[in-house]
Amino acid sequence: MIMPLSAQTRTIVTACIPALEAHGLAITQDMYRRLLSNENIRDLFNISHQKNGDQPRALAFAILAYARHIDDPTALKDMIERIAEKHVGLNILPEHYPHVGKALLEAIAHVLGDQATPDIMEAWKEAYGFLADVLINREQQIYHAHAAEKGGWTGWRSFRIAHRHEETADTVSFTLSPADGQPVMRHRPGQYLSFRLNIPGAGTERRNYSISSAPAEDHYRITIKRQAGGVASCWFHDHVQVGNMLDVSAPAGDFTLPPTEDRPVVFLSAGSGITPVMSMLDTLAAQEARPPIHVIHGTQTPQTEIFARRIRELAKAGTITADLFYSQTGHLPPRMEGITAHTGRLTSSELGNHASHDAEFYVCGPTGFLITMIQALRERNIPRERIHYEMFGSASDPFLVTQA
């Protein structure tokens with residue numbers, strides 16, 4: 001049973017909000033420096049998110065959001081679920097949490113100095129323990145569900161690269177089959193796989209990649225865009241071939257289609273944000289009864305458009321309609337029924353011209369795109385429960401970002 005926070009702790013944590021606003025990032029940066037010096041848990045982290053600052057920023061925001069909502073943490077349920085799913089994908093276990101708590105408290109004491117009174121430190125110890133218990137409890141539920149599902153597993157499982165397909169000049173799809181030849185759990189469209197990679201010269205790295213295929217019992221497909229300077233993405237592109245073996249954890253993530261859907265569906269994506277959307281589209285395309293589906297996607301040029309052929313097949317079949325935005329070209333692809341091509345980026349003002357107000361919205365893409373689209377939907381008074389999104393990288397909550 002998770003014990004509730006004391007009134008004194010809630011009062012003290014609330015009083016710390018100005019300090020977190022001023023010093024939150026310094027605290028999380030210090031915390032990660034301490035964690036990454038610990039060989040027992042360093043390999044649990046995506047080091048690229050440390051180098052570019054994404055992880056410390058996301059955690060600083062999460063801690064601030066926690067303090068702001070300490071009296072009613074239900075406002076954080078979506079963010080907590082997203083973090084729990086990320087942790088499950090990365091195989092975070094209860095024994096890892098004390099290391100994080102120790103590093104966080106040491107960082108608070110170091111950054112705040114004399115302001116970190118014994119009462120403040122005790123309050124944050126209790127507040128961290130409460131949140132850790134909430135996450136551990138939810139993560140254990142997810143682990144148990146994975147173990148009980150047909151083809152499910154916990155921990156790392158070996159998969160073989162069964163097929164490699166060049167989607168564009170900088171994007172490759174990999175089909176993964178289990179090395180043991182046994183079934184795999186059918187993922188929920190929109191979920192991702194997590195990988196434990198041993199990259200020569202870089203060591204152990206962990207990454208998440210969206211599943212781009214419809215659910216099946218014998219394989220998954222991931223689609224990876226090469227990122228400039230990206231350790232893992234460049235390694236996949238340059239070295240991973242058919243027959244190679246990879247360590248994979250069970251599908252995770254809360255960006256998923258509901259079991260049934262009566263409303264129109266609008267997919268908003270940019271760049272490689274189309275990858276989880278493709279899993280959803282192929283799933284819906286296989287259903288006899290499906291709602292109206294509209295795809296709004298942004299990319300640089302027709303040559304960088306991932307899954308261009310499949311999108312056109314679905315449009316030609318009348319399964320979807322689409323608005324495609326090309327930001328870096330004046331030469332549009334040939335016109336075809338069901339697809340409208342545009343030059344320029346998809347903007348919040350353009351969104352209102354192409355999206356049904358009564359639809360369910362699924363948004364995926366770079367962080368800036370994601371926040372812009374969610375803000376635009378909120379300005380159109382789309383209820384929060386009809387806006388679903390996937391944020392690549394560190395787990396955070398764009399709804400809380402746009403409210404800050």
Side-chain angles (χ1 to χ4, degrees), residues 162-176 189-190 192 209-216 219-228 230 233-234 236-237 240 255 257 265-287 290 292-347 350-351 353-355 361-366 369-370 373 390 392:
H163 184 66
R164 172 180 170 136
H165 176 69
E166 313 288 327
E167 301 288 352
T168 70
D170 64 355
T171 306
V172 179
S173 288
F174 299 90
T175 300
L176 307 164
Y192 52 81
Y209 293 110
S210 295
I211 303 170
S212 59
S213 54
H219 74 277
Y220 303 108
R221 183 184 68 189
I222 59 170
T223 302
I224 302 175
K225 182 176 181 180
R226 182 191 291 271
Q227 303 295 328
S233 67
C234 291
F236 266 98
H237 275 250
V240 177
F255 178 64
L257 285 172
V265 176
V266 173
F267 293 105
L268 291 168
S269 60
S272 58
I274 192 70
T275 54
V277 168
M278 200 70 246
S279 177
M280 296 178 177
L281 287 177
D282 279 337
T283 300
L284 291 173
Q287 298 177 0
R290 55 179 174 265
I293 304 168
H294 190 57
V295 174
I296 304 177
H297 179 65
T299 187
Q300 295 175 335
T301 68
Q303 289 70 40
T304 64
E305 185 184 346
I306 307 170
F307 303 124
R309 178 178 296 179
R310 182 57 177 155
I311 292 294
R312 281 154 183 77
E313 288 175 351
L314 292 173
K316 184 177 181 180
T319 304
I320 67 169
T321 57
D323 280 282
L324 305 177
F325 290 79
Y326 302 95
S327 62
Q328 297 181 13
T329 183
H331 302 286
L332 297 177
R335 293 175 59 87
M336 69 170 294
E337 186 176 352
I339 293 180
T340 303
H342 310 263
T343 56
R345 295 183 182 277
L346 171 62
T347 63
E350 282 276 3
L351 178 60
N353 298 327
H354 304 291
F361 292 87
Y362 294 82
V363 192
C364 189
F369 169 84
L370 194 73
M373 291 298 104
E390 176 66 288
F392 291 152

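Along the sequence shown, residues carry numbers from 1.
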Q. Is the centre of the Phe267 ring less than 6.0 Å from the centre of the Tyr362 ring?
A.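 Aromatic pair counts; centres sit under 6.0 Å.
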
Q: Measure centre to centre between the rings of Phe174 and Tyr209, then say whether the value is under 6.0 Å.
A: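 No - the distance between ring centres of Phe174 and Tyr209 does not fall below the 6.0 Å cut-off.
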
Hey, is the main chain of [Y] close enough, under 3.5 Å, to the side chain of [X] for a donor-acceptor pair?
X	Y	result
His294	Thr321	yes
Arg290	Ala285	yes
Ser279	Pro189	no
His219	Thr175	no
Thr319	Ala315	no
Thr171	Thr168	no

Distance, nearest 0.5 Å, that separates [atom1] of [X] from [atom2] of [Y]:
X	Y	atom1	atom2	answer
Met373	Leu351	CE	CG	5.5 Å
Met280	Ser210	CE	OG	9.0 Å
Phe307	His297	CZ	NE2	9.5 Å
Tyr220	Leu176	OH	CG	9.5 Å
Phe325	Thr347	CZ	OG1	7.0 Å
Leu324	His342	CG	NE2	7.5 Å

Which heavy-atom pair separates [X] from [Y] by the least distance, and what is that distance?
X	Y	value
Cys364	Phe369	O-CE2, 3.7 Å
Gly271	Ile306	O-CD1, 4.1 Å
Thr223	Ser173	OG1-OG, 2.7 Å
Lys225	Ser272	CB-CB, 4.2 Å

Q | Single hit among Glu305, Gln303, Gln300 for side chain to side chain donor-acceptor pair (under 3.5 Å) with Tyr326 | A |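 Exactly one option meets the side chain to side chain donor-acceptor pair (under 3.5 Å) with Tyr326, and it is Glu305.
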
Q.
Could you check whether any side-chain heavy atom of Leu346 comes within less than 4.5 Å of a side-chain heavy atom of Leu268, counting everything from C-beta outward?
A.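 With C-beta onward as the side chain, the pair touches.
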
**Q.** Ile311 side chain reached by Leu281 side chain, heavy atoms, under 4.5 Å
**A.** yes

Q: May I ask you to decide whether Arg310 forms a salt bridge with Glu313, counting only side-chain N to carboxylate O separations under 4.0 Å?
A: yes

Q: Salt-bridge test for Arg164 and Glu166: reply yes if a basic N is under 4.0 Å from a carboxylate O, no otherwise.
A: yes

Q: Show your reasoning for whether side chain to side chain contact (heavy atoms under 4.5 Å, CB included) applies to Ile339 and Arg312.
A: CA-CA 8 Å; Ile339 293 180; Arg312 281 154 183 77; 3.5 Å; yes

(Q) Quiz question: by atom type and distance under 3.5 Å, do the side chains of Thr275 and Ser212 form a donor-acceptor pair? (A) no

Q | Pair Asp170, His237: side-chain N/O donor-acceptor within cut-off below 3.5 Å | A | no

Q: Output, in order, the C-alpha distance, side-chain angles, deciding distance and verdict of side chain to side chain contact (heavy atoms under 4.5 Å, CB included) for Leu332 and Thr343.
A: CA-CA 7 Å; Leu332 297 177; Thr343 56; 3.7 Å; yes

Q: Report the C-alpha separation of Glu390 and Tyr192 in whole Å, then their side-chain angles, then the decisive distance to 0.1 Å, and conclude whether the side chain to side chain contact (heavy atoms under 4.5 Å, CB included) test is met.
A: CA-CA 10 Å; Glu390 176 66 288; Tyr192 52 81; 3.5 Å; yes

Q. In terms of heavy-atom contacts, does CZ of Arg345 have more than 12 from other residues, nucleotides or ligands at under 6.0 Å?
A.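 No - once you tally the heavy atoms of other residues, nucleotides and ligands closer than 6.0 Å, there are 12 at most.
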
Q: For Leu314 and Ile320, run side chain to side chain contact (heavy atoms under 4.5 Å, CB included): C-alpha distance rounded to whole Å, both residues' side-chain angles, the deciding distance at 0.1 Å, then the answer.
A: CA-CA 6 Å; Leu314 292 173; Ile320 67 169; 3.8 Å; yes

